[in-house]
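The structure under discussion appears below in the form of structure tokens.
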There are 2 protein chains.
Amino acid sequence: MTVPSGRRERKKAATRQKIADTALRLFLERGYDAVGIREVAAEADVAVTTLFSHFASKEALVFEQDEDFEQRLTQAVTDRAPHEPLIPALRNEIQALVRHCTADSAAPIWRMIDESPALRRYEESVRLRHAEALATAIAADPELSRTATASRTIARFVIDAYSLAREAAEPEAAVDEIFWMIEAAWEATRPSRRT
Amino acid sequence: MTVPSGRRERKKAATRQKIADTALRLFLERGYDAVGIREVAAEADVAVTTLFSHFASKEALVFEQDEDFEQRLTQAVTDRAPHEPLIPALRNEIQALVRHCTADSAAPIWRMIDESPALRRYEESVRLRHAEALATAIAADPELSRTATASRTIARFVIDAYSLAREAAEPEAAVDEIFWMIEAAWEATRPSRRT
DNA sequence: GTTCGAAAAGCTAACTGTTAGTGTTACGGT
DNA sequence: ACCGTAACACTAACAGTTAGCTTTTCGAAC
């Protein structure tokens with residue numbers, strides 16, 4: 001393999017970034033639905049087929065960095081200090097992500113997403129992927145020996161918390177309120193429950 | 001208005017049903033992706049535009065009766081006997097729905113759905129709608145005075161239960177396990193919590 | 001029974017996201 | 001210097017969806 005590092009990768013990354021930047025700019029200027037793929041490609045000075053070799057769909061142009069999101073979540077589980085409880089760690093991470101998404105600078109993007117059914121639906125499917133990745137991380141932690149169903153369930157609940165809090169009137173308070181519920185649900189799955 | 005009851009409504013319903021039946025038959029025979037809209041319309045002997053005046057999208061053809069689902073859920077909340085607790089009522093309803101979906105007769109349909117990313121994503125968005133309807137029903141019940149966030153959260157959790165259980169190895173046991181968690185989360189939102 | 005408004009269905013022709021097929025260029029490793 | 005291949009380009013098409021407009025079919029008021 002010899003690590004293909006070099007000009008090639010840089011150029012590829014630059015092309016990808018240029019496409020994403022151009023797309024986001026056009027979408028924000030004139031609306032997601034009002035801008036076609038052919039137009040984005042022309043403005044970014046690439047062929048339509050090139051655009052689709054970097055992004056699987058038009059919606060994916062908007063959620064360009066969703067993999068960072070996923071990684072931060074799973075790392076919140078795997079990078080915990082020994083014996084550090086799971087739920088508070090996830091709460092802190094979700095709190096940070098919610099703050100990031102509800103910041104003023106991100107407002108136009110989320111308004112655009114909320115206004116387009118296609119983008120909303122795409123985001124839902126992205127969330128499901130994240131929930132599955134999180135479930136895998138939780139199930140893999142030997143300190144927390146829970147059933148597969150319990151792991152998947154808590155992962156869903158945590159992703160729900162993110163989604164619900166983002167739409168709430170007071171996002172940060174909503175995170176706390178929902179995590180209070182999640183904490184209770186998690187405690188109910190303790191394997192050493194007796195009587 | 002004088003209630004436009006009569007032949008007109010019957011014919012419209014018949015056309016809709018014929019389209020849905022034809023579509024489902026073709027999809028099951030040859031695969032969802034392998035059958036085009038124009039083909040469904042031709043086989044049902046209607047124009048493509050007529051098809052789209054009855055169904056908003058190709059995917060909607062498969063989830064023809066999702067409104068029944070939504071109604072059963074909200075009725076499980078609104079039609080409870082006085083003082084009947086919420087969560088067990090919802091658990092029974094979800095249990096029934098899961099049994100219905102995992103029955104052998106429904107297996108081919110769900111296999112088709114699982115195999116098509118487009119259908120999976122569409123189902124996710126349908127679930128979100130159901131969760132919102134359920135949240136509204138819960139928030140409207142004067143016996144359960146919870147915050148808007150708590151209502152929405154529990155509604156999401158309940159829909160998650162349905163979705164997770166359907167995919168689990170033992171669906172009915174999974175419903176019970178997840179509802180044990182939901183019960184705990186719900187108890188944590190009691191408004192009269194003291195100390 | 002005739003007539004009239006409106007709902008339902010139809011047809012044509014497009015537009016838009018997406019992909020297959022096929023070259024062409026520019027790197028990276030040898 | 002050479003070769004393999006990854007990145008990009010071009011054309012043309014397919015599939016879902018919609019706009020615009022005409023025709024048919026009821027329902028009801030006259």
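Per chain, numbering begins at 1; letters A, B, ... match sequence-line order.
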key: Any donor-acceptor N/O pair, B:Arg127 side chain to B:Ser163 backbone, under 3.5 Å   = no
query = Would the number of heavy atoms belonging to other residues, nucleotides or ligands and lying under 6.0 Å from CD of B:Gln75 be above 12?
reply = yes
Would you kindly give the [atom1]-to-[atom2] distance between [X] and [N], to the nearest whole Å?
X	N	atom1	atom2	value
B:Arg30	D:dA15	CZ	P	12 Å
B:Glu9	D:dG27	CD	P	9 Å
B:Leu51	D:dT17	CG	P	9 Å
B:Asp45	C:dG10	CG	C1'	11 Å
B:Gln17	C:dA9	CD	P	14 Å
B:Lys18	C:dG10	NZ	C1'	15 Å
B:Arg7	C:dA8	CZ	P	15 Å
A:Phe55	D:dC8	CZ	P	11 Å

Side chains of [X] and [Y]: closer than 4.5 Å at any heavy-atom pair?
X	Y	result
B:Glu59	B:Glu123	no
A:Arg91	A:Ile182	no
A:Tyr162	A:Val175	no
A:Ile138	A:Leu144	yes
A:Arg146	A:Arg190	yes
B:Leu61	B:Ile37	yes

request  = Five pairs at each end of the helix from C:dG1-D:dC30 to C:dT30-D:dA1: take the axis at both ends and give me the angle between them to 10°.
outcome  = 20°
ask   = Between C:dA8 and B:His54, is there an OP1 or OP2 to side-chain N/O distance shorter than 4.0 Å?
value = no
query = For C:dA8, does either OP1 or OP2 sit under 4.0 Å from a side-chain N or O belonging to B:Thr15?
reply = no
request  = May I ask you to check if B:Lys58 and B:Tyr122 form a cation-pi contact, with NZ or CZ under 6.0 angstrom from the six-membered ring centre and within 45° of the axis?
outcome  = no
request  = For nucleotides 16-26 of chain C, just jot down a letter per nucleotide in 5' to 3' order: B, S or -, based on protein non-hydrogen atoms under 4.0 Å.
outcome  = SBBBB-----B
key: Salt-bridge contact B:Glu43-B:Arg30 (side-chain N to carboxylate O under 4.0 Å)   = no
message = Between B:Glu124 and A:Arg121, does any side-chain N to carboxylate O distance fall below 4.0 Å?
response = no
Positions of residues 114-123 of chain A (non-hydrogen atom under 4.0 Å from DNA chain C), listed by number = none
